[in-house]
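Here's the structure we're looking at; comments come further down.
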Amino acid sequence: MELRGIGVGRGVAVGPVLRMPEPLPEPADAAHGGDADAEFASVQVALAAVAGELAAKGERAGGEAQAVLEAASMMAQDPTLIDDIKVRIDAGATGERAVFDAFGAFQRLLADMGGYMAERATDLADVAQRIIANLRGVPAPGVPESDEPFILVAPDLAPADTALLDLTKVLALVTRDGGPTSHTAILARSKSIPALVGVVGALDLADGTVVIADAGAGTVVVAPSDAQVLEARERIAERAAAAAAPTGPGRLADGTPIPLLANVGSPADGPKAVELGAEGVGLFRTEFLFLDSATAPTVDQQEAQYTELLSFFPGQKVVVRALDAGADKPLSFLNDAHEENPALGLRGLRALRASEHILHDQLTALKRAQDATQADLWVMAPMVADAEETEYFVELGRSLGLRTVGVMAEVPSLALVAEEVLESADFVSIGTNDLTQYTLAADRMLGTVAAYQDPWHPAVLRLVKLLGDAGAAAGKPVGICGEAAADPQLAVVLVGLGATTLSMTPAALGDVRAELAGVTREQARAKARAALGARTAAEARDLAAAAG
Ligand code: PEP
Ligand code: MG
């Protein structure tokens, strides 16, 4: 038997399934025995235990996971939440129910705020489940633990789950929900774990069933034959050998160079990108440096960060994006008004233009970093709608001394007027995550519309072609920096549509490099033509695979 889903990358894994335990049932809405103080005291013990356990796990995990787990630990000690729990227990609720209701109320509040805050709501639910499990004396739900390597099957993974994954044990991820830009997919790409998302029937797999998860083919083969297992193991060995092969510049089979660049969120990501063979940086998401800042960072602070990153890439290209604040990445010093639909609001360049001094400071800091290092600095604006906004940004950047200034193509309108945009912009970089969200009118944060969030959709590909054609006519570079560039088969199609560089999470560089090396430019173009003629994203995948 075979299940189908959307593969992330090209990895293959063979192993037994282990399912994520179901969430705990909702605590009964019953009254406690009468001793409110004793009830509250046991909740306090559980809160302290969970907070301590999360912090300790964070310390063991280190890195990004530590920040996620420390934030979760603090949620379990939040004084407002604790007060609310006490009020509910005093009014007669059991400890479990009070925790459930207090966390639930706070979760709804965050969810209503949308974007980044709504994502934190999922983390809050996870913390509440841990506290309730502790009160009941049962194991906490979440990522299962096992001494043997396994293939994790889950409805979807929350950020707190992914932070806890023991990567030495998880061979592959298979989820029922989620699209190619879901949290699970992004994690799988950044950690190089084979993954399949949107797998219908995944949750019917029983623990211990052996499966082959084949991301390249988009299949989960259930109870495979010995011959199938052997063949899968051979491919796993081939991939491991290819990953260990020396890195080199990105090239097609006919020698056409396609520089492979890295997406980074802080200067600390620089060394890893270099190690994995990135030929420069194609997207530095500067807003990630300042997500927790209450006030705008100073020119000096910014200069230090930019100089640090640029110094890892002497003689190479580094594309820095001006602050992309708003929607899923709000910055309190730029986005202070409530918006009903923040993704369609004062975001990216729009927000910067409304607070021009902040943009001015950032470009000034970048100019200083340009002068202080040997890197070839390119600067671009996010969320640009048309040629007028492009001219505004390019003129401002040039007047402040920046050498190479361009824009991101994330809003469909920009692709439709690409020729005019390229009259002033030095380059365009296509952000396929937002371009897909806006083309298909599907919120990239919303699981219920994840199926629309597929950059293989022919409507998205046709916009990429408009941009590629305009770039070729103007003799200017058109790169890709969205998640789509990290999908090896799609990367080939994007090159066939005219992309001149590809930028991605560094862990994906090896797979994309290997895939490009296997096709000529003519073959890439043939695959692109086939995909453009498809009716759906799934059909585009199949037609591209068969063409060329
Ligand atoms: C994109 O939208 O594709 C992109 C690269 O930007 P971000 O994911 O940071 O919005
Ligand atoms: Mg974007």
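If you read the sequence from its start, that first residue is 1, and numbering goes on from there. Keep in mind that the numbers below use all heavy atoms, side chains included, and drop hydrogens, waters and symmetry copies. Order of listing sets the numbers, starting from 1, for every ligand and every atom in it.
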Check ligand 1 against G482 and write out every atom of the ligand that is under 4.0 Å from a heavy-atom position of the residue. 3 (O), 5 (C)
N, O or S atom within E410 nearest to the Mg ion (ligand 2), by name: OE2
Look at ligand 1 and say whether R347 reaches it with a heavy atom at a distance under 4.0 Å. yes
Considering only N, O or S atoms, which atom of D434 is nearest to the Mg ion (ligand 2)? OD2
For ligand 1, is any non-hydrogen atom under 4.0 Å from L283's backbone (N, CA, C, O), its side chain (CB onward), both, or neither? side chain
Whether the T432 and E483 side chains hold a donor-acceptor pair (N or O, under 3.5 Å, no angle test) is what I'd like checked. no
Quick check on the Mg ion (ligand 2): does D324 put an N/O/S atom closer than 2.8 Å to it? no
Numbered atoms of ligand 1 (with element) below 4.0 Å of R285, judged on heavy atoms: 4 (C), 5 (C), 6 (O), 7 (P), 8 (O), 9 (O)
N433 N/O to ligand 1 N/O under 3.5 Å: yes
Residues S503 and N263: side-chain donor-acceptor under 3.5 angstrom: yes
Report the part of R444 in contact with ligand 1, treating N, CA, C, O as backbone and CB onward as side chain, heavy atoms under 4.0 Å; options are side chain, backbone, both, neither. side chain
Of the choices E410, Q437, M383, which has the non-hydrogen atom that lies closest to atom 2 (O) of ligand 1? E410
Pairwise distance CG(L377) to CD(Q370) - rounded to 0.5 angstrom: 5.0 Å
Gap between atom CG of L463 and atom OG1 of T439 - 0.5 Å precision: 5.0 Å
Is a salt bridge present between D214 and R4, judged by a nitrogen-to-oxygen distance below 4.0 Å? no
Residues E287, R321; criterion salt bridge (charged side-chain N to carboxylate O under 4.0 Å, His left out); working and verdict: CA-CA 9 Å; E287 60 284 351; R321 170 170 81 186; 2.5 Å; yes
Give the residue and atom name of whichever protein heavy atom lies nearest to atom 7 (P) of ligand 1, and the separation in Å to one decimal. K329 NZ, 3.3 Å
Working to the nearest 0.5 angstrom, can you tell me the gap between D324 CG and M408 CE? 7.0 Å
Is the shortest N/O to N/O distance between E287 and ligand 1 below 3.5 Å? no
Going through the distances and angles, do K272 and E275 end up as a salt bridge (charged side-chain N to carboxylate O under 4.0 Å, His left out)? CA-CA 5 Å; K272 187 83 192 159; E275 186 194 316; 3.6 Å; yes
Side chains of Y306 and Q302: is there a donor and an acceptor less than 3.5 Å apart? yes
Among all protein non-hydrogen atoms, which one is nearest to atom 6 (O) of ligand 1, and what is the separation to 0.1 Å? R321 NH1, 2.9 Å
Distance under 4.0 Å to a non-hydrogen atom of C481: what atoms of ligand 1 satisfy this? 5 (C)
